[in-house]
Student: 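Mind looking over this structure? Questions follow.
What you see below is based on every heavy atom in this structure, not just the backbone, and it leaves out hydrogens, waters and symmetry mates. Residue numbers start from 1 in every chain, and the chains themselves are labelled A, B, ... in the order their sequence lines are given, proteins ahead of strands.
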Amino acid sequence: MLDINLIRQSPDDVIAMLHKRQMGGDAGKVHELLDIDRSRKEMVQRTDDLKALRNRVSKEIADIKRTGQGSAEELISQMKTVSDQISVLDAELAVLDTGMEELLLTLPNRLHESVPEGRSAEDNVLYKGPVEFSHDLGFTLKNHLELGRSLGILDFERGAKVSGAGFPVYVGKGARLERALINFMLDTHTSNHGYTEVFPPFLVNQDSLRGTGQWPKFADQVYHMPEDGLYAIPTAEVPVTNLHRAEMLDAEKLPIAYVAYSACFRREAGSYGKDTRGFLRVHQFNKVEMVRFTRPEESYDALEQILSHAEAILCALKIPYRVITLCGGDISANAAKCYDIEVWSPAEDRYLEASSVSNFEDYQARRSNIRFKPDGKSKPEFVHTLNGSGLATSRLMVSLLEHYQTADGRITVPEVLRPYTGFDVIG
RNA sequence: GGAGGAUUAGCCUAAUUGGUAAGGCAGCAGUCUUGAAAACUGCCGGGUUUGCGCCCAUGGGGGUUCGAGUCCCUCAUCCUCCGCCA
């Protein structure tokens, strides 16, 4: 959520940001907000005056009753009228407040100045790489679906029977490999990168979705259990960031760094037909997510650190990748700056997004009311929140299986995973 | 699922038959001190205002009342007990 003061003071900057995000159509919202803000201010003034009157006279009534001198009847009946007026005005005010809140919640975050201009994914800018690792792939490659089927380690068909398309099943050494990947990533981030491990709930309430910005803008992408008011998490970012919702964090404890494994659930509504094969687009996948809470002045250093932590995993696994900076037209509404890490898929002959590393600045913190006191006397400030996948296993598994396949159709397990799998080869 | 109790500021704790949130700790600044501690003084929830001030704020949301921390309804969370259950 944007600071209303920012919109009051520099509405033109906000509108310029909307244009950079290719959301110029929303510029009207800024003017609408300013209009509501103005009439709200007038109305607050009127109700405050009436409330001041009521408070003052109520004290007079109390005095009259206490001393028993004179009658309060006349004053009480006057205040009855005043209270009725206040009720009416308060109700109107509530309408304005709700309208403002709804508008504010739908406005996207500010953009960091380093975010490149651009209309779509095609305008994203290469930031790092490509980082190459040599693999002996001088034969006709199988894609991950063919490998998964022939080796009996992935079963998309039965997943579709049990749940529906996009719910993959890992079997035997495939299941073990998936678990090995998750454990390897968690261990690396906790042991080498200083993160505290969290195992969060996979179902959250609506306040949590609102806090991280998935609600209301991306409500249609989230699985919903209406009877209990719960939502399946699309990423561990939601429960982990919301751990500290409405908290005053101890300034000495910052920065806070969590890493969490979770299953992630996404409806992927409206994306039928593209990238639907196998792991390329699924409704449930596994992801290890890093989440950071920092002082505002440290958040852009933290962004680079999280990126390097995710890269460390790919380097250890020797999986080729590149890093791109998302342009204004492609970056998500919640992020102020975002890098995507894309892994190379030799069978698909293209890069696949495997990680997204974002700085949300104070956008989520303001929505979720996560603050700290920089020092004893100053006012509470919002922290900056960041997160990055480190990484999602589905697209990573595509690239891993393809790179580590052998000419005779087997899979060599990457060196660093062998302590976790207990075997060196699949097939 | 049922019964009872609890929720007050960063933390801890008060508030007559309903009369408009009192203190303490921690923290910050100052006085004092070679320095520190102690002591003393001030600040110490949010909004608005140049300022005085005014408004809001007792877990969330409603209601009764001139006036609600206090009474009523409802929801959430925690504790105790009962029931059910892996």
Side-chain angles (χ1 to χ4, degrees), chain A residues 1-9 33-34 36-102 104-105 199-211 215 225-231 238-239 242-256 293 295 362 365-383:
Chain A
M1 188 157 64
L2 292 175
D3 186 354
I4 184 67
N5 285 315
L6 174 75
I7 299 169
R8 281 179 193 142
Q9 284 157 16
L33 257 172
L34 289 173
I36 296 179
D37 189 44
R38 265 191 294 274
S39 33
R40 184 183 163 281
K41 224 167 178 178
E42 275 174 38
M43 193 163 288
V44 166
Q45 191 58 50
R46 283 165 64 199
T47 56
D48 276 7
D49 288 347
L50 283 174
K51 284 174 181 174
L53 173 67
R54 181 177 67 182
N55 285 342
R56 197 174 67 240
V57 175
S58 283
K59 273 180 189 164
E60 289 174 21
I61 292 171
D63 286 340
I64 291 172
K65 296 231 172 186
R66 194 179 296 117
T67 59
Q69 293 182 351
S71 165
E73 291 308 309
E74 176 65 17
L75 290 178
I76 288 177
S77 88
Q78 281 174 17
M79 286 311 101
K80 198 171 171 58
T81 312
V82 170
S83 273
D84 289 344
Q85 290 171 349
I86 290 173
S87 300
V88 172
L89 288 174
D90 269 347
E92 292 175 26
L93 200 54
V95 172
L96 291 183
D97 281 343
T98 309
M100 245 175 96
E101 170 99 6
E102 279 173 7
L104 266 179
L105 282 175
F199 206 130
F202 293 178
L203 299 181
V204 297
N205 56 36
Q206 197 181 94
D207 286 342
S208 292
L209 284 182
R210 185 184 298 265
W215 191 277
M225 279 131 259
E227 294 201 343
D228 302 288
L230 292 169
Y231 301 81
V238 178
N242 277 280
L243 287 178
H244 293 301
R245 170 151 48 84
E247 286 186 17
M248 184 77 68
L249 299 179
D250 189 347
E252 258 102 77
K253 299 245 173 75
L254 296 176
I256 295 173
F293 302 79
R295 290 168 172 268
D362 64 4
R366 181 169 278 109
R367 284 169 165 256
S368 356
N369 195 24
I370 306 173
R371 298 173 299 166
F372 76 107
K373 284 191 176 177
D375 55 74
K377 68 169 179 176
S378 50
K379 284 188 171 184
E381 276 184 45
F382 291 109
V383 298

Student: By the definition side-chain contact (heavy atoms from CB on, under 4.5 Å), identify the one residue from A:Val88, A:Val82, A:Leu89 that meets it with A:Ile86.
Tutor: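 When A:Val88, A:Val82, A:Leu89 are each tested with A:Ile86, the side-chain contact (heavy atoms from CB on, under 4.5 Å) holds only for A:Val82.
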Student: A quick test of your reading: do over 12 heavy atoms of other residues, nucleotides or ligands sit less than 6.0 Å from CZ of A:Arg8?
Tutor: yes
Student: Nearest whole Å is fine: how far is B:U20 P from A:Ile61 CD1?
Tutor: 13 Å
Student: State the CG-CD distance between A:Leu96 and A:Glu101, to the nearest 0.5 angstrom.
Tutor: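 Rounded to the nearest 0.5 Å, the CG-CD separation comes out at 13.0 Å.
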Student: What nucleotide among B:U20, B:G10, B:C55 has an atom nearest to a side-chain atom of A:Met248?
Tutor: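 Per side-chain heavy atoms of A:Met248, the pick is B:G10.
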Student: Is A:Asn55 near enough to B:C54 that one of its side-chain N or O atoms lies under 4.0 angstrom from OP1 or OP2?
Tutor: no
Student: Write down the distance separating the P atoms in B:G23 and B:G63, rounded off to the nearest Å.
Tutor: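 My reading of the P atoms in B:G23 and B:G63 gives 33 Å.
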Student: Write down the distance between CG (A:Leu93) and C1' (B:U48), rounded to a whole number of angstrom.
Tutor: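 After rounding, the gap between these two atoms is 13 Å.
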Student: Work out how far the P atom of B:A26 is from that of B:C11, and round it to whole angstrom.
Tutor: 16 Å
Student: Counting distance only, does the side-chain N/O of A:Arg367 pair as donor-acceptor with the main-chain N or O of A:Arg210 below 3.5 Å?
Tutor: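 Such a contact is found between A:Arg367 side chain and A:Arg210 backbone.
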Student: Assess the side chains of A:Thr81 and A:Asp84: does a donor N or O sit below 3.5 Å from an acceptor N or O?
Tutor: no
Student: Any side-chain N or O of A:Lys51 below 4.0 angstrom from OP1/OP2 of B:C55?
Tutor: no
Student: If I pick the P atom on B:A36 and the same atom on B:U70, what distance separates them, to the nearest angstrom?
Tutor: 47 Å
Student: On a whole-Å scale, what distance lies between the C1' atoms belonging to B:C71 and B:U64?
Tutor: 8 Å
Student: State whether A:Ser83 places a side-chain N or O below 4.0 Å from either non-bridging phosphate oxygen (OP1 or OP2) of B:G67.
Tutor: yes
Student: Within the structure, does a side-chain N or O atom of A:Asn5 lie under 4.0 Å from either OP1 or OP2 of B:G47?
Tutor: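 Indeed not, no polar side-chain atom of A:Asn5 lies that close.
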Student: CG of A:Asp90 versus C1' of B:G62: gap in Å, rounded?
Tutor: 14 Å
Student: A:Phe372 has an atom CZ; how far is it from atom P of B:G27, in whole Å?
Tutor: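 Result: 19 Å.
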Student: Rounding to an integer number of angstrom, what distance separates B:G5 and B:G51 when you compare their C1' atoms?
Tutor: 48 Å
Student: Check the distance between B:G47's C1' and A:Asn369's CG and give it to me in whole angstrom.
Tutor: 14 Å
Student: RNA chain B in dot-bracket, Watson-Crick or G-U pairs under 3.5 Å, [ ] crossing, | other strand?
Tutor: (((((((..(((......[...))).(((((.......))))).((((....))))..(((((..]....))))))))))))....
Student: Provide the distance between the two P atoms, one in B:C79 and one in B:C25, to the nearest whole Å.
Tutor: 31 Å
